[in-house]
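The structure appears below as structure tokens.
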Amino acid sequence: MDDTATVDSTVDAPAGPADPTAGPVTGRCFGDGDPLYERYHDEEWGVAVHGEEALFERIALEGFQSGLAWITVLRKRESFRAAFAGFDPQVVAGYDEHDVERLLADAGIVRNRQKIEATIANARALLALHESGRTLDALLWSFAPDRTQHVRPASWADVPAVTPESRALARELKSLGFRFVGPTTAYAAMQACGLVDDHLATCPSARG
């Protein structure tokens, strides 16, 4: 059973967790009024993330978000963690067709076969990366752009959906066997993992 329409792995959903069509910003960039969303905005989005399991989780969740609102995935996050063994790549890489069927029956997550199979494939790609002597942490952060001259966006219209760095990251990940990592999803992951900080200039987080 699929909770979402079939989405090709080369097609990404709009970048970022916020709604760029929303009205004037009067508080946070996004999330005001929803405690879960507020915590994510205040404590995670745009904050540097390191560590293999933490980064694997972010990439997996961004893949599941493709075609959906981010809050949908955020509300299912604990169920995702339970379903995917805390995003331990060693465990997830060992999932087989029985696990896929189990996950397709799990109403706590996004039940989309392509995305589930991509997450398992990505765990295997991550282990292969480790076997080659590399880490996801070093790989991902090697694509962090130089933002010393960066000017904070004034509105969501100023926040890109893709960048040269996200295109390059997507190409590298795909060459290593990762799936559901197109340029837009890659940029959303860069935002989620703090490689870029796109809080709007009017946002309390941007003002410190």
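In this text the structure is predicted, and so the values were computed from the model without any measurement. These numbers come from the heavy atoms of this one structure, side chains and all, not from hydrogens, waters or symmetry mates.
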> Between His199 and Trp45, is there a donor-acceptor pair closer than 3.5 Å when you use the side chain of the first and the backbone of the second?
Replying inline: yes
> Residues two or more places apart in sequence or in another chain: which of them pass side chain to side chain donor-acceptor pair (under 3.5 Å) with Glu97?
Replying inline: Arg113
>> Exactly one of Phe87, Phe56, Phe64 should register a ring-ring contact (aromatic ring centres under 6.0 Å, His included) with Phe80. Which one does?
In response: Phe64
>> Please find the pair of heavy atoms, one from Pro183 and one from Ser166, that lie closest to each other, and give the distance.
In response: O-OG, 3.1 Å
>> Taking ring-ring contact (aromatic ring centres under 6.0 Å, His included) as the definition, give me every residue that meets it alongside Tyr95, ordered by chain and number, with sequence neighbours left out.
In response: none
> Side chain of Glu53, backbone of Pro89: donor and acceptor closer than 3.5 Å?
Replying inline: no
> How long is the gap from CG on Leu126 to CG on Leu55, to the nearest 0.5 Å?
Replying inline: 9.0 Å
> Checking Thr119 side chain against Ala60 main chain: does a donor-acceptor pair fall under 3.5 Å?
Replying inline: no
> Quick one: does Glu117's side chain get under 4.5 Å of Arg179's, heavy atoms only?
Replying inline: yes
> Between Tyr40 and Trp70, does the ring centroid distance fall short of 6.0 Å?
Replying inline: yes
>> Going by salt bridge (Lys or Arg N to Asp or Glu O under 4.0 Å), name the residues that satisfy it together with Asp34, two or more places apart in sequence or in a different chain.
In response: Arg75
>> Counting C-beta onward and ignoring hydrogens, is there a side-chain heavy-atom pair between Val181 and Ile59 closer than 4.5 Å?
In response: yes
> Applying salt bridge (Lys or Arg N to Asp or Glu O under 4.0 Å), which residue pairs with at least one partner in residues 37-46 are found, sequence neighbours left out?
Replying inline: Arg28-Glu38, Arg28-Asp42, Glu44-Arg58, Glu44-Arg77
>> Does anything in residues 184-197 form a salt bridge (Lys or Arg N to Asp or Glu O under 4.0 Å)? List the pairs, not counting sequence neighbours.
In response: Arg152-Asp197
>> So which atom in Thr135 and which in Ala138 form the shortest heavy-atom distance, rounded to 0.1 Å?
In response: OG1-N, 3.0 Å
> Looking only at heavy atoms, which two atoms of Gln90 and Leu127 are closest? And how far apart?
Replying inline: OE1-CD2, 3.7 Å
> Under the side chain to side chain contact (heavy atoms under 4.5 Å, CB included) criterion, do Val49 and Leu140 qualify, and how do the steps go?
Replying inline: CA-CA 10 Å; Val49 175; Leu140 193 67; over 6 Å; no
> If you look only at pairs with a residue in residues 127-137, which of them pass as a salt bridge (Lys or Arg N to Asp or Glu O under 4.0 Å), with sequence neighbours excluded?
Replying inline: Arg134-Glu172
> Considering all heavy atoms of both residues, which atom of Ala93 and which atom of Ala123 are nearest to each other, and what is their separation?
Replying inline: N-CB, 3.6 Å
> Which pairs, with at least one residue in residues 115-145 and sequence neighbours excluded, count as a ring pair (Phe, Tyr, Trp, His ring centres under 6.0 Å)?
Replying inline: His50-Trp141
> Looking only at heavy atoms, which two atoms of Ala85 and Val91 are closest? And how far apart?
Replying inline: CB-CG1, 3.6 Å
> So how far is it from Phe180 CZ to Gln65 CD, rounded to the nearest 0.5 Å?
Replying inline: 11.0 Å
> Side-chain heavy atoms under 4.5 angstrom apart, residues restricted to Ile, Leu, Val, Met, Phe, Trp, Tyr: same cluster for Val47 and Leu136?
Replying inline: no
> Who passes side chain to side chain donor-acceptor pair (under 3.5 Å) against Asp96, sequence neighbours left out?
Replying inline: none
>> Arg81: which residues meet the side chain to side chain donor-acceptor pair (under 3.5 Å) condition with it, sequence neighbours left out?
In response: Glu57, Glu78
>> Working to the nearest 0.5 angstrom, can you tell me the gap between Ile109 CD1 and Leu103 CG?
In response: 4.5 Å
>> Keeping Lys115 on the side-chain end and Ser66 on the backbone end, is there a donor-acceptor pair under 3.5 Å?
In response: yes
> Who are the salt bridge (Lys or Arg N to Asp or Glu O under 4.0 Å) partners of Arg167, not counting sequence neighbours?
Replying inline: none
> Taking only residues two or more places apart in sequence or in another chain, which ones pass side chain to side chain donor-acceptor pair (under 3.5 Å) with Arg147?
Replying inline: His150, Tyr187, Asp198
> Does Asp158 have any salt bridge (Lys or Arg N to Asp or Glu O under 4.0 Å) partners at least two apart in sequence or in another chain, and if so, which?
Replying inline: none
> How far does NE2 of His41 sit from CG of Leu36, to the nearest 0.5 angstrom?
Replying inline: 13.5 Å
> Checking Ser142 side chain against Leu139 main chain: does a donor-acceptor pair fall under 3.5 Å?
Replying inline: yes
> Atom CZ of Arg171 and atom CG of Leu176: how far apart are they, to the nearest 0.5 Å?
Replying inline: 13.0 Å
>> Looking at every heavy atom in both Gly94 and Asp99, which two are closest together, and how far apart are they?
In response: O-OD2, 4.4 Å
